[in-house]
Amino acid sequence: MQKHALSRREFSALALAAPVLLKGSQVSSQAARISIDPNRVIGQIDPQIYGNFLEHLGRCIEGGVFDEGSSLSDAEGFRRDVLKAVEDLHVSILRWPGGNFSSNYNWMDGIGPRDSRPRRLEMAWGTIESNRFGTHEFLDYTSKIGAEPYICANLGTGTWDEAQQWVEYVNFDGDTATTRLRKKNGRDKPWKVTYWGLGNEMDGPWQMGHRTADDYGKFALEAAKLMHWTDPSIKLVASGSSNYSSGVDWVGWNRTVLSYLKEHVDYLSLHLYVGNPENDYYEFQASTVGLANRIKITEGVIRNALWDAPRDKKIYIAWDEWNVWYRARNDSERGRRILEERYNLEDALVISSFLNTFVNHAHIVKIANMAQLVNVIAPIFTSKTGLFLQTIYYPLQLFASNSHGRALELVVESPTYNSKRLGPVPYLDVSAAYNDDGTLILNVTNRHREQSQDAVFELKSKHFNGDFQVFEVNGPDIKSENSFESTLVKTTTQKPIAPNGATLKCSFPAHSFTMLKGRLR
Ligand code: AHR
């Protein structure tokens, strides 16, 4: 979305004359100015941008959500403490079974009596897969937590038949050998799963069954036809870009894939993991500018693909893997305790910025899944006897619980810093959601490491209606982490702030994410 820059004179007229010095930090002398007009709508925020992901990987499922025999688990084997943390996170859509794992998964291995299921060599992550958590367990779990299930079919080593029969097993109501099998396994009525992925990261040479864009496009097209003919109501997700290595034509991948699949898919999947391996805080915080650029480029590719399509044909972006991931990323790492990234405050700020970016592109990003949910690059971290909530849990929880309705196109004028890779980056990263019930949510990340940032919000065409609640995610230091012993980074509720006429003034502490919640009339 275009942000309209104000002239220097207009802006300095608005800068606060005497900025308030907050305890423990300096304050930027130049106030940010943010104009809000509830009539300027980017798009409806799809609740499904607040999703997560479960993969058969490390301790995500076994030892995470599912721990048979543990005194903390229920009769089905689901950890009750994890369930509570997942419910509190308000996960809207849950993707499963992978990830790379899905590219060699035969769903038939994961049905029937648990004790009779085959143990298989798992080649994506180098373990033995017990198959004790399969289709029934996943769909029981999503129903317990009230999330939409999203199943990623195996388009790596799998066949068209396997993908088609999975849809039949899960969604078909008629009497066939496949649905009789489902009934024999204890499920009479179909679950009716809407969202199905046509493979995972098929652009990556690390993927089992990796293909060229043309080969993937042709193969996925046949799978899509059979899956749709089994249940025309399903929504299909094409495997888009995940490989942005230098020299890789990631845009070309999406263009080619859509040329085959545009009539059959509703979403194009994109993945992005970011990190701070060089310990450069400001470059790291700028990563989400790169995310926004990728969204814009892909939106153009989608528009191009649909140039001749009927007007009502839409394809959206499903950003179905995203997160910070760089520490626990040793390719030779194999086995059960892997990808157990421990997060700090600077990671949580990047997460809040990812979510701002999805909200600010609400018209085109309609699904997003933080990868993953438990233990593996995850907001929830368990041991055999308990769990703690990582820093990244808190911004996601605030967004998922509150940031709904229409995304508003804000005019943001904020002081900036210069990123070597991405140019000027505003210290304040902002998004807004306006709900039909009159609730206005303002999401503000202050990227400044040392200074508070003042901001003046100016409201157009409506009126503030009472004080704004203030929720802040922050901690003592950008490197502060949570652990089983202490929670240094979390959401705290601050003193409400009162609007003055059509303006709302607020000071955002250094390295913080703040959500302001109030009402308009
Ligand atoms: O989420 C971890 C892995 O990252 C997934 O299996 C894969 O899709 C991606 O490369």
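All ligand and atom numbering here is 1-based and tracks the order in the structure. Note that the numbering runs from 1 along the sequence shown for the chain.
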Over-ring placement of R327 relative to W325, 6.0 Å and 45° cut-offs: no
Result for ring-ring contact (aromatic ring centres under 6.0 Å, His included) between F513 and one of F471, F399, F354 points to F399
Given that the side chain starts at C-beta and the backbone is N, CA, C, O, which of these parts of W325 lies under 4.0 Å from ligand 1, counting heavy atoms, or is it both or neither? side chain
Pick one: which of Y393, F388, Y343 meets ring-ring contact (aromatic ring centres under 6.0 Å, His included) with F381? F388
Atom 10 (O) of ligand 1: closest protein heavy atom, distance to 0.1 Å, is E201 OE1, 2.7 Å
Atom 2 (C) of ligand 1 has as its nearest protein heavy atom Q372 NE2, 3.5 Å
Backbone, side chain, both or neither: what part of I377 comes under 4.0 angstrom of ligand 1, heavy atoms only? side chain
Look at atom 6 (O) of ligand 1 and say which protein heavy atom is nearest, naming residue and atom and giving the distance to 0.1 Å. E55 OE1, 2.6 Å
Name each donor-acceptor pair under 3.5 Å that joins a side chain in residues 143-153 to protein atoms two or more places apart or in another chain, with its distance.
| from | atom 1 | to | atom 2 | distance (Å) |
| --- | --- | --- | --- | --- |
| K144 | NZ | E76 | OE1 | 3.1 |
| Y150 | OH | D320 | OD2 | 2.5 |

Identify, for atom 8 (O) of ligand 1, the protein heavy atom at the shortest distance, and state residue, atom and that distance. E321 OE2, 2.7 Å
Quick note on ligand 1: atoms under 4.0 Å from a heavy atom of F53 include exactly 1 (O)
Answer with yes or no after comparing the ring centroid distance for Y141 and W96 against a 6.0 Å cut-off, counting only values under it. no
Using the benzene-type ring in the case of Trp, are the ring centres of Y216 and H210 under 6.0 Å apart? no
Would you say the rings of W191 and H136 are close, in the sense that their centroids are separated by under 6.0 Å? yes
Which segment of W322 sits under 4.0 Å of ligand 1 when only heavy atoms are counted: neither
Ligand 1 contact by F101, heavy-atom criterion under 4.0 angstrom: no
Do W125 and ligand 1 have an N or O pair less than 3.5 Å apart? no
